[in-house]
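A short write-up of the structure that comes next.
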Amino acid sequence: MAMDLNAKAAYIRGLMTGMEFDPASKNGKVIAAMMDLLEEMAATVTEHDNALDQAYDELETLDQDLDDLVADLYGADDEEDGEEEGEDLYEVTCPNCGAVSTVDEDTLLDQSQELVCPNCGAAFDIELESTGETPEDGEPQE
């Protein structure tokens, strides 16, 4: 953005020069003063834009350093992989191509939709086998 302002100011200055603009006339003095102000403002905006870019770069560096410090103090965070702590994942083999993918428990138990293989795109159902274990409420499964 700032470079555009400097380029536009230079373009206007070029127009003034090409038109054989008379800066000695009454109107010319006002326009020349406005042009000087415009160039100075464009230069100031460029300086501020550059300083802001530098501040953002330094802030990004500080943010990365803080992340490293937190990781060193508290150890690696398992939730960075997008998995919630304690979330069970199951491996499913595609009957069409044999590719193995992982699904979460909610997706696996949702019988209203078919699973789709990310490798070949084939849709398939899963039949869950009973393990014979008793559920958490203590009643045996039927």
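Small disclaimer: the values here were computed from a predicted structure and weren't measured. Keep in mind that the numbers below use all heavy atoms, side chains included, and drop hydrogens, waters and symmetry copies.
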query: In Å, rounded to the nearest 0.5 Å, how long is the span from CG of Asp88 to CG of Asp106?
result: 10.0 Å
task: State plainly whether one hydrophobic cluster holds both Leu73 and Leu66, where clusters connect Ile, Leu, Val, Met, Phe, Trp and Tyr through side-chain heavy atoms under 4.5 angstrom apart.
output: yes
statement: Those residues at least two apart in sequence (or on a different chain) that pass side chain to side chain donor-acceptor pair (under 3.5 Å) with Asn96 are none
Member of Val100, Val103, Thr107 meeting the side-chain contact (heavy atoms from CB on, under 4.5 Å) criterion with Val92: Val103
- line: Here the gap from Tyr56 atom OH to Asp63 atom CG, rounded to the nearest 0.5 Å, amounts to 13.5 Å
Other residues, nucleotides, ligands: >12 heavy atoms within 6.0 Å of Gln64 CD: yes
query: How far does OG1 of Thr17 sit from CD1 of Ile12, to the nearest 0.5 angstrom?
result: 12.0 Å
message: Quick check for you: to the nearest 0.5 Å, what is the distance between Asp22 atom CG and Lys29 atom NZ?
response: 9.5 Å
Taking every non-hydrogen atom, the tightest pair across Asn119 and Cys97: ND2-SG, 3.4 Å
query: Should Val30 and Met34 count as side-chain neighbours, where that means a heavy-atom distance under 4.5 Å?
result: yes
field: Atom pair CG (Asp36) and CD1 (Ile31), whose distance is rounded to the nearest 0.5 Å
entry: 12.0 Å
query: Between CE of Met35 and CG of Leu37, what distance do you get to the nearest 0.5 Å?
result: 10.0 Å
message: Quick check: closest heavy atoms across Ala123 and Glu114, and the distance to 0.1 Å?
response: CB-OE1, 3.3 Å
- prompt: Which of these, Cys117, Pro118, Ser101, sits in a side-chain contact (heavy atoms from CB on, under 4.5 Å) with Cys94?
  reply: Cys117
- prompt: Gly98 and Thr93: which non-hydrogen atoms are nearest, and at how many Å?
  reply: O-CG2, 3.7 Å
